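Since the structure comes first, as structure tokens, the remarks are kept for the end.
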Amino acid sequence: MSLAFKKLLCVAVLLCGNVYGSPMNYTLDDTSPAINYTQAPLLRCAPGICDAPWTARLFQGTSATTAAPIVVPFTGSAVYVYLGTLGTCMFALDGVVVGAYADGTSTSEAADIRLAYWATDLPDSAHVLTIYPAKEGQFVQLDYIIYTHASALRNAHLAAIISGVLGGGALVGLLSLAAFLVRRREKLRQISMRGIPLGDHWPDQPRLKLALNQKK
Ligand SMILES: *[C@@H]1O[C@H](CO)[C@@H](O)[C@H](O)[C@H]1NC(C)=O
């Protein structure tokens, strides 16, 4: 492979990286306003509310326990749900049931937080994830959700570059238009100085007007 070709390839890779963006992970804690609880959670664990050894294991020390559906809209190509359940927890993606998760233990306490559901290779677009207990009397303790989305930051960066280039182009265009107008005006002035009638274009120059009137 020649050096020039390698350089070209590097540039192409850099440019493509900017166009498509690289997938990034975003974490929604159970307290995130992006998470909709259809009923107020029965229990919200936080340091000082639940046992310290337990909150120490939770993402940002918090979890939400509920017996009602949790609705999470997100835009991304993958999603990972970390929760514990007492009973069976169901998962629906865009209105279709896609998974169920039951904890092996059957103690009276919601079991440990685990990666209970994940989906990858989704179209990187808007989705709605619904998490709900399978039956009455069952509970879900949501800790956090991760979703993967191609970085909007890089797209914004690219947009800035494009608008910068376009803006720069517009500026160059304006400057050359101004230069053209000035040059034309100069030329017209030269012509009118030679006494060629130009109509009423120079109302601010009475001497020219006078010259034109005399000719008539
Ligand atoms: C996002 O997080 C998941 C789960 O932790 C991980 O498997 C995946 O590799 C991460 N993806 C990126 C792009 O960081």
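Note that ligands are numbered from 1 as they come in the structure, with each ligand's atoms numbered from 1 the same way. Keep in mind that what you see is a predicted model, and the values were worked out from it rather than measured.
- Put simply, atom 9 (O) of ligand 1 has no protein non-hydrogen atoms near it, under 4.0 Å away.
- In this structure, Y144 and F59 have tilted ring planes: the angle between them lies in the 30° to 60° band.
- Ring centroids of Y147 and Y26 are separated by less than 6.0 Å, placing the two rings close together.
- Counting only heavy atoms of the protein, atom 12 (C) of ligand 1 lies nearest to N25 ND2, 3.4 Å.
- Ranking the protein heavy atoms by distance from atom 13 (C) of ligand 1 puts P23 O, 3.6 Å first.
- Closest heavy-atom approach to atom 5 (O) of ligand 1 within the set Y80, Y26, Y82: this belongs to Y82.
- In this structure, CD on Q141 lies 9.0 Å from CG on L83, to the nearest 0.5 angstrom.
- The aromatic rings of F74 and H127 sit tilted, their planes meeting at an angle between 30° and 60°.
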